[in-house]
2 protein chains.
Amino acid sequence: MKRKLTLKLIAKELDVSISTVSKALRDSAEISEDTRQKIKAFAKLYNYKPNNIALSLKNRKTRTIGIIIPQIVHHFFTKVIKGIEQMAREHNYNVIITLSNNDFDKEVLNMELLANGSTDGFIVSLANETLHKDDFRHVTEAIDQGMPVVMFDRIVDEIPCDKVLIDDREGAKMGVRHLLKTGCRKIAIITTKDYVTIGKLRTKGYIEALESYGVRVQKELILKLDNIDRCDDECSAKIKHFLKDNDIDAVFTVNEMFAVTAARHLNALGKNVPTDVSIVSFSDGELSKHLIPSLSTVSQHGELMGRKAAELLINKLERPEDEVEEYTTAYIDTTLIERESTKKIKN
Amino acid sequence: MKRKLTLKLIAKELDVSISTVSKALRDSAEISEDTRQKIKAFAKLYNYKPNNIALSLKNRKTRTIGIIIPQIVHHFFTKVIKGIEQMAREHNYNVIITLSNNDFDKEVLNMELLANGSTDGFIVSLANETLHKDDFRHVTEAIDQGMPVVMFDRIVDEIPCDKVLIDDREGAKMGVRHLLKTGCRKIAIITTKDYVTIGKLRTKGYIEALESYGVRVQKELILKLDNIDRCDDECSAKIKHFLKDNDIDAVFTVNEMFAVTAARHLNALGKNVPTDVSIVSFSDGELSKHLIPSLSTVSQHGELMGRKAAELLINKLERPEDEVEEYTTAYIDTTLIERESTKKIKN
DNA sequence: TTGTACGCGTTATCAG
DNA sequence: CTGATAACGCGTACAA
């Protein structure tokens, strides 16, 4: 197990000084053509690569972006990561990912860990629990220490940083309008509790869409759940009762799992999708496409979101020291994809 | 934007030497109770955390694991990552993820990048193209440089390193046997070309299962596709013709996408699943569970796989320098999950 | 009990 | 043209 090649080793081998080697490899004009060639040939032969860690220490830059997300087994985050990774790679940045598991303490821990020099900046989507606790000191502290932060998706308005969002309100509006256009009037929504920003905004879009069509908003047709990403048994049971107890001709859900669960229960209740009940869902996954019937969705573009977030962060990282602080919020558009679950026009 | 606190700054502030501060913070008995308390209080107040980069440089250890995978928008890899992350975190390691996009050059680039000091070892699943090209120098070079490497899933036998695999042959056997047990005899398989190890092994398991039941293996019932993770239009068309041209009562597929695509085409061909044709698929995703009918699967346990891979790597990283080199190959068991697609007993 | 010196691998500056 | 030196932030052996 030979040790990695360093400048020092090359220098010793070729009997020159370390700085000569360094300069030669960086094509400094100070070094004679002769020695330069010799050193470069040697370095190439033994595949010398400068040590990143040493460079980071010297430059006080790691060229590494830290990603803090609630979980990874989730199409949306996965796509965002892909987008971030692309953009980062294009700009010669690395990416470190940490998972909070929707746990506040772990999120704090992860941020502290990465803040200790491992990372030049953060891209963050907050844990469920963090939003609930309403405690964002770990984020603001990082910002105070001069760490650029970009938040996406699960954000908090008050934190002073760049943000990337999908236009949840508009997306929901578009989805619900599609239901209205296809004749639905008794439209339910399955959403999250209000402390989850995206749930709140989507609920708002739902209400606005109804109002714009002069349809009365009925409180009992709004189901707010604690869950965000999954749909456990308890959650499933709530949806079941909700669907059984209400007379509806459409369901709008703020995520794919809610939609799939609703579809199953409707089926079990003997209601046909889309003949009896239409479905539109916010979505990022593959499920909607492959379900029978396939589900119409308000599609988020996670990859674009990731790219944008990375772009904003890199901009901050590479801006001149003295530039004025300025925060932007970027919106990523959603797209309505019509599939079988809204094929049937209600009268 | 204040600078991060360092030992030097604390030392200056408290008018002691840097090493005194260092020792005090590490609870060295050399330092008087008095100054120790003073220094620790100060450090805590201003939230001092040692700089990781400096520590890495000093210790020649980064406590970081590099993951190199083909893609991330894929349930299986996502679960593996989760497992790795867990185990890494439990042992105080960080994780850097890079994506090869199934591209050979990018895989090489990523490895070189991370090998330059960013990482103590690698967990790798090879790119499609790499397997095809049969060129693994980037991996062996890393190993030669003393970087521990653990390969999983898409591995190459010849490379001397730890490996984590699922028992593809056994898994396939189990799946196909389930079809045989439920009365199917005209069982097709949709698999990958042989250069993909997992495809090859699963095909082998399929054949062995048939033979153990005395069922003749028919070459025309074996469809080998180039795709691995996705199923594009071309791939879909091939499956369609394959299903149309052959008289079968069951399909076994080596991944979920093939199964879903097959299910669609069978449907379109007027064949009912499971009444006319049963389906069993290798799988990691959520699709199988939610499809109607839901699909029986040979489930891989990606998270376990990730945990095991990380465990092996960390073992190598923390073993004493002089320990003898020894490589282990761990197998992760698969589980058969019976769902609706094999509910119908053929006669 | 505290401080000095050194090294991890690199680059930049300055001296020769 | 080449080399010595300092610095990035830390920990530790050794000296005071």
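Throughout, a chain's letter reflects where its sequence line sits, starting with A, and its residues are numbered from 1. Keep in mind that what you see is a predicted model, and the values were worked out from it rather than measured.
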K58(B) vs A29(A), nearer the 5' end of DNA chain D by closest nucleotide: A29(A)

Looking only at atom types and distance, does a side-chain atom of N51(B) sit under 3.5 Å from a main-chain N or O of I53(B), one as donor and one as acceptor? yes

Gap between atom CZ of F77(A) and atom CD1 of I67(A) - 0.5 Å precision: 11.0 Å

Say whether E90(A) and Q86(A), considering side chains only, have a donor N or O and an acceptor N or O under 3.5 Å apart. no

Which residues satisfy the ring-ring contact (aromatic ring centres under 6.0 Å, His included) test with Y327(B), sequence neighbours excluded? none

Would you mind classifying the nucleic acid contact of S22(B) as base, sugar-phosphate or nothing, using non-hydrogen atoms under 4.0 angstrom? base

DNA chain D: first to last nucleotide in contact with chain A (atom under 4.0 angstrom from a heavy atom), 5' to 3', is dC1(D) to dG9(D)

Does a donor on one side chain and an acceptor on the other come within less than 3.5 Å for S118(A) and N52(B)? yes

Please determine whether a side-chain nitrogen of the Lys or Arg among K82(B) and E85(B) lies less than 4.0 Å from a carboxylate oxygen of the Asp or Glu. no

Divergence of helical axes at both termini of the helix from dT1(C)-dA16(D) to dG16(C)-dC1(D) - five pairs an end, 10° steps: 70°

Please enumerate all residues that pass ring-ring contact (aromatic ring centres under 6.0 Å, His included) together with F136(B), with sequence neighbours excluded. none

Between the side chains of Q145(B) and E141(B), does any donor sit under 3.5 Å from an acceptor? no

What's the spacing between F152(B) CZ and D162(B) CG if we round to 0.5 Å? 14.0 Å

Under 4.0 Å from a heavy atom of chain B: give me the 5'-most and 3'-most nucleotides of DNA chain C that qualify. dT1(C) to dG9(C)

For D27(A), does the CG atom sit with more than 12 other heavy atoms under 6.0 Å from it, leaving out its own atoms? yes

Within residues 111-119 of chain A, which residues have any heavy atom lying less than 4.0 Å from an atom of DNA chain C? none

So which of residues 33-47 of chain B are in contact with DNA chain D, with a heavy-atom cut-off of under 4.0 Å? none

So, using ring-ring contact (aromatic ring centres under 6.0 Å, His included) as the criterion, who are the partners of F122(B) when residues are at least two apart? none

Please give me every residue in residues 7-19 of chain A whose heavy atoms get under 4.0 Å of an atom in DNA chain D, ordered by residue number. V16(A), S17(A), S19(A)

Shortest non-hydrogen separation from P70(A) to R154(A) and the atoms involved: CG-NH1, 3.7 Å

Should we count NZ of K12(B) as having more than 12 external heavy atoms under 6.0 Å? no

Taking all heavy atoms of T62(A) and all of G117(A), pick out the closest pair and write down the distance. CG2-O, 2.9 Å

Assuming nearest nucleotide by heavy-atom distance, tell me which of N59(B) and K23(A) is located more 5' along DNA chain C. N59(B)

So what does L57(A) touch, heavy atoms closer than 4.0 Å: a base, only the sugar-phosphate, or nothing? base

Does the N110(A) side chain pair with the main chain of L99(A), one donor and one acceptor, at a distance under 3.5 Å? yes

Once salt bridge (charged side-chain N to carboxylate O under 4.0 Å, His left out) is applied, what residue pairs with a partner in residues 118-134 of chain A remain, sequence neighbours excluded? none

Only counting residues at least two apart or in another chain, list the ones meeting side chain to side chain contact (heavy atoms under 4.5 Å, CB included) with R63(B). N92(B), Y93(B), E318(B)

ring-ring contact (aromatic ring centres under 6.0 Å, His included) against Y46(A), all qualifying residues, sequence neighbours excluded: F42(A)

